[in-house]
Structure formats: C-alpha cells, structure tokens
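Contents: one structure, followed by commentary.
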Amino acid sequence: MACQSVSIINMDEQALLGLNPNADACYRQKAMVYFEQLKESQDAWEVCAEALAKGIYSDDHVKFFCFQVLEHQIKYRHGGLSPAQQQLIRETLMKWLQLQLMNSQPEKPFIRNKAAQVFALTFVMEYLTHWPKFFYDLLSLVGLNPHGVDVYLRTLMAIDAEVVDRDILHSPEEVRRNTLIKDSMREQVIPSLVESWYQILGTYQQSHPEITCQCLEVVGAYVSWIDLNLIANDRFVNLLLSQMSVEDLREEACECLFEIVNKGMDPTDKTKLVESLCQVLQSAGFFNVEEEEDVDFLAKFSRLVNGMGQSLVLSWTKLAKGGEVKDAAESLSAIEAKVPLLLQLLVHDDDDISANIVGFCYDYLNVLKQFPLLTDQQKTNVEAIMLAVMKKLTYDEEYNFDNEGEDEAMFVEYRKQLKMLLDRLAQVSPELLLEAVGRVFNNTVQRWQTASFMEVEVAIRLLYMLGEALPASHGAHFSGDTAKTSALQDMMRTLVSSGLSGYQHTSVSLEFFETVVRYDKFFLVEPQHIPNVLMAFLDHRGLRHSSPKVRSRVAYLFSRFVKTLHKHMNSFIEDILSRIQDLLELAPPENGFPALLTSDDQLFIFETAGVLIVHGESPAERKQALMRSLLTPLIDAFRLLLAKLASEREEERQAALADCLSHAVGFASRTSKAFSNKQTVKQCGCSEVYRDCLQTFLPALSCPVQRGSLRSAVRSFLHRMIICLEEEVLPFVPAASEHMLKDCEAKDLQEFIPLISQITAKFKDQVSPFLQQVFMPLVLAIFEVLCRPAEDNDQAAALEKQMLRRSYFTFIQTITSSGMNQVLANQGVENIERVLFTIIQGAVDFPDPIAQKTCFIVLSKLVELWGGKDGMAGFPDFIYKHIVPACFLAPLKPSFDLTDAQTVLTLSECALTLKMIHLRRGPEFIQYLQQEYLPSLQVSPEITQEVCQVLQQPDAKVLKNYMKAFFQRAKL
C-alpha cells in the first residue's frame, strides 16, 4: 500500500498509540496499516530516521518501530534508494549512536539488539562499496564509552550472524559476498578490532562485567575465521586466563578459550598451546574439581577440557599418521596426563558436567583401541572409566517413572552417550569389561532384597548392555568363546534363579524382562529355567503388574520369548492358554472398567496364543479345537456387536462399536501370523474356523455406518486369508468385492486394488472368470471417482486421486504380467479401447513419473502380447496411432524432467516399449518412423536415420542412452 500523505515532520501520533501491546485492537490495526505505509513509501520512512537521529520519542515501542521501518528499507529496498537516502541511513545510525554516548541510562536491551541488527545489515550492504571505514567510524565515535561499546559489541555479534553463522542458510550470491567481506576484514580491520577487544577486556573487567562477557563472546565467535596468532599469544591468552578467576567472567572466558582451542592449526603447535593453557589452569587450582561448588561454571570448564582433550587426540592422530614419532609420543603423553581430570569430570554428580566430557573420553578410548597391547597405566585408566560409566548409568532417586518429563528425557539421552562409551570400552578390552560388569552384577544380585532399586536396575542394565557391547551373530551369546559364554551364562543363571524378578519397582521389572528376552538363547542351553520365567511373565510380576507401562511392554516381550522357545513349551501350552484366557477377551465398549491390556497389547497376546497352538506337538484335531476355542468368542462377540451397530443411532457409540469390531477382526488376523510354510492352516486342521471367521466378518462390509474402519479391518483380514487359506478363500471373494465396490471413495478403491492384484498374482487362471466379471465394474468405479470434481486447492483430494491412478495402472500391469491378458481381451472392443486410452493418457498427460513408468511397462507388455502377426485384430493400428506417439510426446513435455532419477527410469521403459514394437513389427516399424512419424515431428533425415539405426541394435542400453541424449537435444 503506497503512502499518500505521510508528513516528513510529524509521525501519525494516533497510529503510534497502537504500538503499545496493551492498546485496543483498532489502534493496533491502525499501527499496522501505518507501518505498511512507511515501509512501502519512497521517502516517508525518512520520518523514522529523523525521529531516531534526534531522539524525538521516549516511548520504547516507537523507537523499536522506527528501527523496524529502517530495517525494512535496508533489507529489501536498499538498491532502490538514492545515494542521498543511503547517506541519510548512515548518518542516522551514527547520530543515534552519538545520542547513546550522552544518555545517562542505556536503551532497553531489545532496542539495542534491533539497532545492532540494523547496523549489521547496513554494514553488509555497504562495507565493500560505500562504507569501507565502517569500523573506523564506529570505534572513533564510541572510544571506551560503556554505552557505545555495548552497541559496538552487539553489532559485531549481529555481523557474525549475518556473515559467518553456518546455521543460517545463504544463497550462493550471499555466500560469495560474505567471503569477500571476511577477506576484506582480515586484510584491513581485524588487527584493529582485536586491539579494541583487548582494551575493552582490560578496561571493563571490574567495572562492567556484562560488557566484558559480551566482548569474550565476540572473541569466541570471531576466532574461528581470523588469524589465530592475533589471539593465541601470551598477551591475550594471559588476559583471558586472568578472567577465569573472576566469578562473573569465568564462564564466558571458558567459552572463549574453548573456541580458541577448537581452531584448526598445526598439530605440534596445537599441542603446545593446549599444554601451556593446562599448566596455567592447573597451577591456578582449576583441576581440583571436587573443591568447586559452582556447577554452571564446571559445566563450561568440562566443555573446555573436552575441547582441549579432543584437540590433543586430533593432533596425535595427524602426527601418528604422518610418522612423526617423537611429536606423536608427546601428544599421547599430554592426552594421558589429562585422564585424572577427565575422570573427575566424568564421575561428577551433575550429569551436564559429565556429559560435556564424554567426547574426549570416547576419543581417548578410540586411541587405546589402536594399540595391540595396553600399558598397566592404560589398563588402570580403562578400568577407572568403566567404573565411572557404571556409576553414572545409575538413576537418581528423583527420577519420576510415572510422569517422565524433560529432566527424565535428558537423562535417557545422557544414558545413550554412556552406552557409546561402554561399547567403545568393549572394543578396547572386552575381558576387562566382562570382568567389571560381572563383579558389579554379582555383588548387587547377592543382596538384591536390601539394595536400592537404582543399584539393582543398573546391575541388570549392564548385563543387558553387554549384549550389544560384545556382539554375537544372531544373538548366539552362548556358543563360541568359552570365557565370554560362561561369564554371560553364569550371570543369566543368577538373574533368573535369584528371585530378583519379584523386586517391587517398575524400572527393575522392565529391565528383568528386557534382559531375559535379549538373552532368550540362554534358555536353549538351560531350558530348566523356562517354567520359572514363564510364571514371572504370567503373574503379578509381568502381564498382571500394577503398572500399565510394564504390562504393555511385557505383552510384546512375552510374544518374542514364546516365538524363540515354543519348542520347549509343549508341556505348558494349555496351562499358558488357560492363564491368559481373560487377557484374550474382547473388551466391550460399554464395559466401563479399564482392561489390563490395551487392544494393541492384546494383539501380541493373540499372536502368542496362535504360536503356542500352531507350533505345539498336539495332533491336528487338538490344534483345531484349541484354535476354535480361541477364535469362537471373537466370532460370537462380532455377531452381537454388528447387530448392535446396525441399530445404533448415536454417532459416538457407533464409533466405539466399530472400533471394537475392528479389534475383533484384527485379533483373529493376528493369530494367523503363527502359520508358516511348514505349518499351514490346512495341516493344522484350522481351515474351517478361519472360514467361519470370514463368513462372520464379511457382512460388516455392507454395514451402512462406520464403513471406513470396518472395510479396512475386513480387507486386511482378507489379505491374510489369501495367504493362509489359499484357494479356499476364493468362494468369498466375489461377494466381498461386490460390497467393497459399492459407494466407495478414492481411498477405498486404492486399498481394494492391492487385494485384487494379490488374488490375480497368486491364483491366476483360477480367478480368471471372476476377474472378467469384476474387471469393468472396478474400472468404472475408478473412472467415476477420478472424474468427481474437487476444489482446485484441495491438495489432499488431488493426492488421493494421484495414488488411485497409480493403483489402477499397477492393477492393469498385474493383469498383463500374470498371463491374464484374456481378462482384458474379453471385455469387448469398446471397453478395451477405453482402458487402452487411459493407459496412453497416463503415459503422456499426467506429470507423475511413477505412474508414467507403469503405463509404459503395460504398453510394452501389450505390444509383446498383441502386437505380432497373430495378435489382436486392430492392435497394430493402435500401436502406430497412439503408442508410438506416446513414446515421443511424453518425454517432450516440459514437465518431463530428465534430471530427475525417477523420470529417467520412465524414459528407459519408454525406450524399451519402442524396442518391443521393433521386435514385433520389424522393418515395417522402421519404415513408418522414417517416412511418416519422425518427419511429422520436423526431425531431420540425419537424426531420423540415427534413431532407426540405434533401434535396430541388439543392446537395449545403447538405445536408452541414445534416447536420453535425443530428448535432451530436442528440449534445448
């Protein structure tokens, strides 16, 4: 909106009232309109510049507003400003800064920050052209005035954000500009800036600690890209080290030293720098960590030590690779000298302090991993790190297991870091780790009744972690290396026979079951422990635990345990089934009582029951009876609930009933996962009960309410039954298909097509009559949904249609590639043509390379089937009129992006279609291209000759490459 009448002398006072956050909505609206006017006007923004330069307004919101208007001009309209206007901006900023020097009180921080941003934006726009003396002007003006120095430092940080910060995405043009700015600054002003920092740090150390901290932050930010020698010298470093002893400054001084240490430099020089820093810090008492009470400072100090340690490791790596033995040995000696300090920080009670040193610890262990033999001192270091890690893995008493918040999430992340250390310790010395864990584990488990939950949990956790730290192929921890095998076997035996599973704490219960399942192969070696562990799973310690979290996890773990060990459970199968009977009940929606397990958890219990029945050694009749007793309650409940749903009027209740019905179908489906190629439904005598399930579930497809969820559940069950019942499912398919094609949406069809494709691919000729019957109703239903009008901007509807289109083409592909082309051939000439034209349309008109690729695969297959001398009548004509043009018109479309990998695959299929036409039609096709088609596209005789020659070569790869080059040239 252009400004029509904004006074250059006065601002709109009424509009300015709206800048106050407490102003009425109408005033705020006025302020927004005024802001837009000032932004868009050619010169009205100058009123804001005047207000800032003269300090006209005392209201903070108005000052901020003026800077925002100025910022907009610089950021978006700088190039369109006249030289005089650009000069006005520079003068405004300097006059505003001069006012700050005279004010007794500084501006509010949010105004100073905004001013710094505007200074930085102006610098970026003008430093290389109109304002090369930017820093000289700033420094000359502010001198050592604290208000001026504050704005100067904030401006430097804002410049860093604009020019250096790697977290901010820049365009290639901005990257080039920023590089030029940094190069120019290095050549012209950096030494002066560094000198100004030194003066500021020395001057304000006592009187203005906040300014000193700001300056330290600036040094830390700039040190990454300026000449390090300007900072890493005795004069500057000694000043920084002296500030490590000033309470208000030491955290920022730590950060600054960290940035200096992190700067890339020669490895020998880096070692010397780090060592000199360490000597001063140690002599000043900073290494006496236990005497320091300020945890915030220690967290920063730990990060600094981590940076120094990692720098030393990097130096050692470079020197060792370069064969510089003496210097590498010095670096290694420097690393090892820091280990006592590392351990003090790693084992500190505060997890932030400990987490900050993990990187150095990990890198040190990585160094040790490269040595074939460890010295005694190194072994001592490794053991000390192990003990520290084990101690730090322990939960705090304050950890809230019932309501895990941010602190708990942070501890979980910290534990993951410690696990990395444990894994690395295992690589350095698996024997030492096994021995250390065994010691802690046995010591704790012997006294578990009196030990705290934290001790017991971490003891089991360590045993669990050994499973990943000492990897074994396919979990075979109990074969092979006898020392490791016997140690793990002893610990597992102790775990399952100690009674520890009865410990009353959720963390211990969970860790017990997780560990039992991680080492489930132990029970193949010592199966005598299976009954006791089964009881733990089944009683109040597991599936009936007071904590829903434990019950839920145990349901999953129990299914895994049974899958691995079912061969050893034959004598307990019926006992287990009777004990889990109540957990297999379908919770009716009107119950009101919370069930022990959620429906998701019950899926695992049903699957477990299925595995026990199917893989047991009972005869087929007994398996059939057990499976029937498992599924009959679901069948009966389904019938009752479906009848209720049909008569229910209240929508919320309908949804609850539909959910319950879907769960019943899901549970029945999950039991079928137990069957395999060796144990089929037929062999177990269970075909009849699954047919009964189908008979019961299919009527839900015609239920007039809650259709989406019911259809989805029954469709999933049908998918399972196609696999399990094989041809016995076929009698149910026609009725199911008829119901699913009624009143369907795009999503219904999209999900139904894979079902028909699965049936087609699996049963082929057996379903040919059914397919011929259902083919056109399905195709017409798809066409009808695709033709429904939708809003232009309805992206969800557009995506649904795209996915349905893809499913349709895939369905046609399944039919043609399964030898079922007769299904298509028997649809009558009119219908065949209709389908063929949709394939041509899909190949050419829709910019969807996935669908286009499928269409060309279909066209190629149809040419192979029907394009020969004995093919379908009239099809050769269709090839020349439609398929050949499609092969050229599709790649010529602007939307056909030859730089996109998926599109290139489509082009390959397009080339193969042309190849197939040549195979089936021979010289006639070449003649057609030469004399008719390619000339009609204005292709020169030379190129036409080339295309025809390449088409006649036997190697399809040559054709693919040629066609890509051909269309790239054509699009130039």
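What you see is a predicted model, and the numbers here were worked out from it, not measured in a lab.
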inquiry  = Run the side chain to side chain contact (heavy atoms under 4.5 Å, CB included) test against S184 and tell me which residues pass, sequence neighbours left out.
reply    = Y127, L128, Q188
query = Where do C361 and L346 come nearest, in terms of heavy atoms and distance?
reply = SG-CD2, 4.0 Å
key: Residue pair L241 / L257, side-chain heavy-atom distance below 4.5 Å   = yes
message = For a quick check under 3.5 Å, do E174 and N178 share a side-chain donor-acceptor pair by atom type?
response = no
key: Partners passing ring pair (Phe, Tyr, Trp, His ring centres under 6.0 Å) against F67 (at least two apart in sequence or in another chain)   = W96
ask   = Can you list every pair that meets ring-ring contact (aromatic ring centres under 6.0 Å, His included) and has a residue in residues 174-203, with sequence neighbours left out?
value = W197-Y222, Y198-F236
inquiry  = Pair Q117, N113 - check side-chain hydrogen bond (donor to acceptor under 3.5 Å, both in side chains), show working.
reply    = CA-CA 6 Å; Q117 281 177 1; N113 284 338; over 6 Å; no
inquiry  = Give me each pair satisfying salt bridge (charged side-chain N to carboxylate O under 4.0 Å, His left out) with a member in residues 107-132, each pair once, sequence neighbours excluded.
reply    = D60-K108, K63-E107, E71-K114, R90-E126, R112-D150
inquiry  = Show me the pairs that pass salt bridge (charged side-chain N to carboxylate O under 4.0 Å, His left out) and involve residues 271-285, at least two apart or across chains.
reply    = E275-K338
request  = Evaluate the side-chain proximity of L304 to L281: yes if any heavy-atom separation is below 4.5 Å, no if none is.
outcome  = yes
task = Name all pairs fulfilling the salt bridge (charged side-chain N to carboxylate O under 4.0 Å, His left out) condition that reach into residues 240-264, sequence neighbours left out, sorted by first residue then second.
result = R250-E292, R250-D294, E255-K300, E255-R303
inquiry  = Using side-chain contact (heavy atoms from CB on, under 4.5 Å), reason through V237 and V280 one step at a time and then give a plain yes or no.
reply    = CA-CA 10 Å; V237 170; V280 177; over 6 Å; no
task = Grab the two heavy atoms, one from C213 and one from L249, that are nearest each other, plus how far apart they are.
result = SG-CD2, 3.9 Å
query = Any sub-3.5 Å donor-acceptor pair from Q344's side-chain atoms to V289's backbone N or O?
reply = yes
remark   = Output for pair (F119 CZ, L156 CG), nearest 0.5 Å, gives 11.5 Å
message = Quick check against the 3.5 Å criterion: does T903 have a side-chain atom that pairs as donor or acceptor with the backbone of T899?
response = no
request  = Can you run down the ring-ring contact (aromatic ring centres under 6.0 Å, His included) pairs that involve residues 140-184, sequence neighbours left out, and say none if there aren't any?
outcome  = none
task = Check L139 against S196 and note the closest heavy-atom contact, atom names and distance.
result = CD2-CB, 3.8 Å
query = Does W225 offer a backbone N or O that forms a donor-acceptor pair with the side chain of R186 under 3.5 Å?
reply = yes
Side chain to side chain contact (heavy atoms under 4.5 Å, CB included) against D349, all qualifying residues, sequence neighbours excluded = K391
Test side-chain contact (heavy atoms from CB on, under 4.5 Å) applied to L99 and M102, step by step = CA-CA 5 Å; L99 287 176; M102 296 184 286; 3.9 Å; yes
task = Would you give the length of the straight line joining atom SG of C66 to atom CG of L70, rounded to the nearest 0.5 angstrom?
result = 8.5 Å
query = Is any side-chain heavy atom of Q205 less than 4.5 Å from a side-chain heavy atom of L201?
reply = no
key: Nearest heavy-atom neighbours spanning P849 and D900   = CG-OD2, 4.1 Å
query = Can D351 and K392 be counted as an ion pair, charged N to O under 4.0 angstrom?
reply = yes
key: Separation of L52 CG from L97 CG (nearest 0.5 Å)   = 12.0 Å
task = Could you pull out the closest heavy-atom pair between A158 and A116, with the gap in Å?
result = CB-O, 3.6 Å
query = Going by heavy atoms in the side chains, are L216 and V219 under 4.5 Å from each other?
reply = no
remark   = CG (D350) and CD1 (I353) are apart, to the nearest 0.5 Å, by 4.0 Å
key: Shortest non-hydrogen separation from L892 to A970 and the atoms involved   = CD2-CB, 3.8 Å
message = Which residues pass the ring pair (Phe, Tyr, Trp, His ring centres under 6.0 Å) test with F64, not counting sequence neighbours?
response = F110
inquiry  = Could you check whether any side-chain N or O of S315 sits under 3.5 Å from a backbone N or O of K270, counting only pairs where one atom can act as donor and the other as acceptor?
reply    = no
Side chains of F301 and F287 in contact at under 4.5 Å (non-hydrogen atoms) = yes
query = Where the side chain of N145 meets the backbone of V142, is there a donor-acceptor pair that is under 3.5 Å apart?
reply = no
inquiry  = Which residues pass the side chain to side chain contact (heavy atoms under 4.5 Å, CB included) test with E408, not counting sequence neighbours?
reply    = Y399, N400, E404
message = In the structure I gave you, are the side-chain heavy atoms of D352 and M410 within less than 4.5 Å of one another anywhere?
response = yes
task = Any chance you could lay out the side-chain contact (heavy atoms from CB on, under 4.5 Å) test for V218 and D160, step after step, and finish with the verdict?
result = CA-CA 9 Å; V218 168; D160 178 74; over 6 Å; no
inquiry  = Contact between M308 and L312 at the side-chain level, heavy atoms closer than 4.5 Å - yes or no?
reply    = no
key: Reported CG-to-NZ distance for the pair L88 and K95, which is rounded to 0.5 angstrom   = 7.5 Å
request  = Would you please name every residue forming a ring pair (Phe, Tyr, Trp, His ring centres under 6.0 Å) with F360, sequence neighbours left out?
outcome  = none
query = What salt bridge (charged side-chain N to carboxylate O under 4.0 Å, His left out) pairs are there with at least one residue in residues 192-208, not counting sequence neighbours?
reply = E195-R235
task = To the nearest 0.5 angstrom, please state how far the CD atom of Q243 sits from the SG atom of C215.
result = 8.5 Å
task = Take Q802 and L799 through the test side-chain contact (heavy atoms from CB on, under 4.5 Å) and record every step on the way to the result.
result = CA-CA 5 Å; Q802 183 189 49; L799 183 62; 3.5 Å; yes
query = Backbone N or O of H61 within a donor-acceptor pair of the D59 side chain at under 3.5 Å?
reply = yes
ask   = Checking D363 side chain against V313 main chain: does a donor-acceptor pair fall under 3.5 Å?
value = no
request  = Indicate yes or no: at least one non-hydrogen side-chain atom of V305 is less than 4.5 angstrom from one of L342.
outcome  = no
key: Side chain S302, main chain L298, donor-acceptor under 3.5 Å   = no
